**Q** 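My structure is below; once you've seen it, I'll send some questions.
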Amino acid sequence: MGADDILALAVLLSSGDVDVRAVTVAGTGLAHCSGGVRVLHGLLHELGGGDIPIGCGREQPGAGARAFPEEWRAAADGGYGLGLPDASVGTPGGAVNVLADALVTAQSPVTIVELGPWTNLQDLFATRTDVVGRVAAIHAMGGTLDAPGNVMLDGSTPVEPSLEWNFAADPAAVAQVLPLGVPVRLVTLDATDQVPLSGEIYQELDASNGSAAANLAYELLTLNPYLWQGGTFLWDELAALALLDPDLVTWEDVALSIVQEGAGAGHLARVSAGPTARVSTGTEPALAVGAFLEALTAGDPRGEPFALDGEVRASWDGTRCLAEAANHGGAGVYRLRFDNQAVAFTGFAMIAVDAPHTWQQVRRVAATLDITAGEPPPHWISIIGQAQADAGQTAIGVVRLGSPLVGPVCAAADKVGAGPVYHVGDPLSPS
């Protein structure tokens with residue numbers, strides 16, 4: 001239930017060529033069961049799949065696993081801020097029972113689209129050996145052969161040997177499932193790394209998001225602009241698209257092994273003899289992006305579509321931190337456009353102040369606050385939107401307005417090598 005899972009599900013559920021029979025959450029993935037199931041209920045309701053059976057599996061992976069960072073998990077549990085309805089009905093089933101029921105009731109073999117750790121598949125095949133023959137294929141996003149991994153040591157340096165998160169999160173599960181003889185197709189980082197989730201994709205959705213899937217994607221990317229500002233790729237999305245059109249990626253049949261223990265647990269490697277999978281080796285980026293946008297824009301409109309309530313324009317010229325809002329008359333979600341007109345990198349924040357505190361108190365706090373030394377702002381100041389931009393650049397973010405007293409703060413280094421100085425602008429006035 002990561003952001004890419006949400007977008008991949010939107011692709012599949014909006015396609016008339018796929019019959020989605022069940023969806024299960026991997027409790028060993030980004031979302032915990034409670035949060036993931038709640039978000040999934042709302043997502044399926046918005047996309048016309050409210051009657052699809054869902055379930056969740058265990059939350060404890062096998063040996064050699066790496067846990068996703070807690071801040072990532074919190075974002076997934078919260079559905080990335082999406083305005084989804086509370087559509088929960090009854091108690092979700094366990095992942096094994098939900099998957100087994102979908103397999104045995106289908107009139108023909110079923111393809112399992114695996115977009116997370118393989119924990120649920122391991123448990124399914126270990127307890128229901130009778131359903132192995134009902135699986136047409138496992139079509140998964142996972143692993144990397146020649147591309148750098150996306151599991152990082154310090155946020156920027158890939159772990160060596162290269163690891164991909166879905167396999168690193170529970171390598172023992174992959175190792176148990178691969179030898180079963182079920183046909184496996186892997187869309188790996190070798191292909192997905194060629195298709196970044198870019199600002200151009202966001203601009204296309206900003207201009208056209210009339211369908212439910214496109215509007216959900218537009219909301220997700222609007223509320224989480226970091227997703228399209230660098231470092232995010234069409235991971236699960238490309239896997240979903242390659243299910244619909246296998247020719248979108250190039251394939252190679254490869255004998256594989258996966259490391260189960262030690263620092264390299266989760267590493268996928270070519271071997272001379274072993275379980276064979278069809279592995280993606282590349283894609284044509286323009287075709288993949290075109291297919292992604294085409295898939296999202298199919299289908300019926302959303303019942304209550306997301307729309308921005310206005311725009312906050314902010315700027316910093318080296319002396320003044322300014323912000324003004326178009327149509328600012330109440331609570332809502334506003335686009336933040338920050339223009340850094342100064343000669344150095346600058347961070348911008350829109351803050352809200354709890355009563356009975358005043359803007360004069362904000363100015364006094366800013367004069368002495370040193371966040372670089374670990375000093376947090378006082379509890380009565382909340383950051384409700386932020387952006388950062390190099391000199392002469394514009395950054396896009398989002399602001400949630402609602403508090404009566406809100407205003408801008410620019411963080412800029414007045415001297416080369418020095419820490420930030422906080423420049424407080426005037427509070428916003430309702431227009």
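We're numbering straight along the sequence, starting at 1. On a predicted model such as this, the values are computed, not experimentally measured, just so you know.
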**Q** Spell out, as yes or no, whether a donor-acceptor pair under 3.5 Å connects the side chain of Glu237 to the backbone of Trp235.
**A** yes
**Q** Can you check side chain to side chain donor-acceptor pair (under 3.5 Å) on Tyr218 and Ser208, steps first, answer last?
**A** CA-CA 9 Å; Tyr218 173 60; Ser208 177; over 6 Å; no
**Q** Between Asp426 and Arg320, is there a salt bridge with N-O shorter than 4.0 Å?
**A**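 Between Asp426 and Arg320 there is no salt bridge, as every charged N stays at least 4.0 Å from the carboxylate O atoms.
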**Q** So how far is it from Asn150 CG to Glu164 CD, rounded to the nearest 0.5 Å?
**A**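 Asn150 CG to Glu164 CD: 5.5 Å, rounded to 0.5 Å.
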**Q** Do Arg313 and Glu311 sit within salt-bridge range, that is, some charged N less than 4.0 Å from a carboxylate O?
**A**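 Result for this pair is yes, salt bridge flagged.
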**Q** Is the shortest side-chain heavy-atom distance between Leu220 and Leu216 below 4.5 Å?
**A**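 No, side chains not in contact.
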**Q** Any sub-3.5 Å donor-acceptor pair from Trp316's side-chain atoms to Leu322's backbone N or O?
**A**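 No; zero donor-acceptor contacts below 3.5 Å.
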**Q** Are side-chain heavy atoms of Phe292 and Leu238 found at a separation under 4.5 Å?
**A** no
**Q** Aromatic contact between Phe167 and Trp118, with the criterion being ring centroids under 6.0 Å apart: yes or no?
**A**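 Yes, they do, as the ring centres are separated by less than 6.0 Å.
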**Q** What's the separation between atom CD in Glu114 and atom OG1 in Thr119, rounded to the nearest 0.5 Å?
**A** 8.0 Å
**Q** Give me the one residue out of Asn166, Leu30, Val174 that meets side-chain contact (heavy atoms from CB on, under 4.5 Å) with Pro117.
**A** Asn166
**Q** Mind checking whether Val11 and Leu244 have side chains closer than 4.5 Å, heavy atoms only?
**A** yes
**Q** Which pair of heavy atoms, one from Val424 and one from Arg363, lies closest together, and at what distance?
**A** O-NH1, 2.9 Å
**Q** Going from CG on Asp4 to CG on Leu227, what distance comes out if it is rounded to the nearest 0.5 angstrom?
**A**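 Asp4 CG to Leu227 CG: 9.0 Å, rounded to 0.5 Å.
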**Q** When you check the gap from the basic side-chain N to the acidic O, do Glu252 and Arg278 get nearer than 4.0 Å?
**A**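 Result for this pair is no, no salt bridge flagged.
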**Q** Between Ala291 and Leu241, which heavy-atom pair has the shortest distance, and what is it?
**A** O-CD2, 3.7 Å
**Q** Would you find more than 12 non-hydrogen atoms of other residues, nucleotides or ligands less than 6.0 Å from Glu304 atom CD?
**A** no
**Q** Answer yes if the side chains of Thr28 and Asp170 hold a donor-acceptor pair under 3.5 Å, and no otherwise.
**A** no
**Q** Does Asp339 come within less than 4.0 Å of Arg337, counting only side-chain N to carboxylate O?
**A** no
**Q** Say you draw a straight line from CD of Gln393 to CZ of Phe345; how long is it, rounded to the nearest 0.5 Å?
**A**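 These two atoms lie 11.5 Å from each other.
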**Q** Over all heavy atoms of both residues, which pair between Val409 and Tyr422 is shortest? Give the atoms and the distance, please.
**A** CG1-CB, 4.1 Å
**Q** Specify the closest pair of heavy atoms between Thr188 and Ser280, including all atoms of both residues, with the distance to one decimal.
**A** N-OG, 2.9 Å
**Q** Side chain of His139, backbone of Ala239: donor and acceptor closer than 3.5 Å?
**A** yes
**Q** Counting only heavy atoms from other residues, nucleotides and ligands, does the tally under 6.0 Å from CD of Glu324 exceed 12?
**A** no
**Q** Between Trp380 and Gln361, does the side chain to side chain contact (heavy atoms under 4.5 Å, CB included) criterion hold? Intermediate values first, please.
**A** CA-CA 10 Å; Trp380 46 270; Gln361 288 177 289; 3.7 Å; yes
**Q** Could you go through Asp354 and Leu405, starting from their C-alpha distance and side-chain angles, then the distance that decides it, and tell me whether this counts as side chain to side chain contact (heavy atoms under 4.5 Å, CB included)?
**A** CA-CA 8 Å; Asp354 295 338; Leu405 185 56; over 6 Å; no
**Q** More than 12 heavy atoms of other residues, nucleotides or ligands under 6.0 Å from CD of Glu294: yes or no?
**A**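 Check fails, neighbour count at 12 or below.
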**Q** Supply the atom-to-atom distance Arg38 CZ to Met1 CE, rounded to the nearest 0.5 angstrom.
**A** 10.5 Å
**Q** Would the distance check show the side chain of Thr232 and the main-chain N or O of Trp228 forming a donor-acceptor pair, the cut-off being under 3.5 Å?
**A**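 The answer is no, because no donor-acceptor pair under 3.5 Å joins these two groups.
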**Q** Is there a side-chain contact between Asp236 and Val113, using heavy atoms and a 4.5 Å cut-off?
**A** no
**Q** So, Glu204 side chain and Glu200 main chain: donor-acceptor pair closer than 3.5 Å or not?
**A**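 Side chain of Glu204 to backbone of Glu200, a donor-acceptor pair under 3.5 Å: no, none is there.
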**Q** Inspect the surroundings of NE2 in His45 and state if more than 12 heavy atoms from other residues, nucleotides or ligands are less than 6.0 Å away.
**A** no
**Q** For the pair Val399 and Met350, evaluate side chain to side chain contact (heavy atoms under 4.5 Å, CB included) and give the outcome as yes or no after the intermediate values.
**A** CA-CA 7 Å; Val399 176; Met350 185 68 71; 4.0 Å; yes
**Q** Counting only N and O atoms by type, is there a donor-acceptor contact under 3.5 Å from the side chain of Asp77 to the main-chain atoms of Ala74?
**A** no
**Q** Calculate, to the nearest 0.5 Å, the distance between atoms OG1 and CG belonging to Thr283 and Asp190 respectively.
**A** 12.0 Å
**Q** Would a distance-only check, ignoring hydrogens and angles, find a side-chain to backbone donor-acceptor pair under 3.5 Å from Asn340 to Ala389?
**A**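 Between the backbone of Ala389 and the side chain of Asn340 there is a qualifying donor-acceptor contact (under 3.5 Å).
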**Q** Determine whether Arg21 and Asp101 satisfy the following criterion, side chain to side chain contact (heavy atoms under 4.5 Å, CB included), listing intermediate values before the conclusion.
**A** CA-CA 9 Å; Arg21 306 300 298 267; Asp101 287 347; over 6 Å; no
**Q** Using modelled atom types only, decide if a donor and an acceptor are shared between the side chain of Asn120 and the backbone of Val25 within a distance under 3.5 Å.
**A**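 Yes, the answer is positive, given that a donor and an acceptor are paired below the 3.5 Å cut-off.
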**Q** Please check this pair: side chain of Trp251 against backbone of Pro246, looking for a donor-acceptor N/O pair closer than 3.5 Å.
**A** yes
**Q** Quick one: does Leu293's side chain get under 4.5 Å of Leu205's, heavy atoms only?
**A** yes
**Q** If every non-hydrogen atom of Leu428 is compared with every non-hydrogen atom of Ala323, which pair is closest and at what distance?
**A**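 Heavy-atom minimum between the residues: CD2-O, 3.3 Å.
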**Q** Taking all heavy atoms of Gly266 and all of Leu163, pick out the closest pair and write down the distance.
**A**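 Shortest heavy-atom contact: C-CD2, 3.6 Å.
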**Q** Return yes if some donor-acceptor pair links the side-chain N/O of Asn215 with the main-chain N/O of Ser211 below 3.5 Å, else return no.
**A**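 Judged by distance alone, no pair lies under 3.5 Å.
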**Q** Heavy-atom distance under 4.5 Å between the side chains of Ile384 and Ile351, does that happen here?
**A** no
**Q** Under 4.5 Å between any side-chain heavy atoms of Tyr202 and Leu197, yes or no?
**A** no
**Q** Looking at Asp309 and Arg400, does any basic side-chain N land under 4.0 Å from a carboxylate oxygen?
**A**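 A salt bridge is absent here (no side-chain N lies under 4.0 Å from a carboxylate O).
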**Q** Going by atom types only, do Gln122 and Arg58 share a side-chain donor-acceptor pair under 3.5 Å?
**A** yes
**Q** Would you say Asp317 has more than 12 foreign heavy atoms packed within less than 6.0 Å of its CG?
**A** yes
**Q** Any side-chain heavy-atom pair from Glu219 and Thr222 closer than 4.5 angstrom?
**A** no
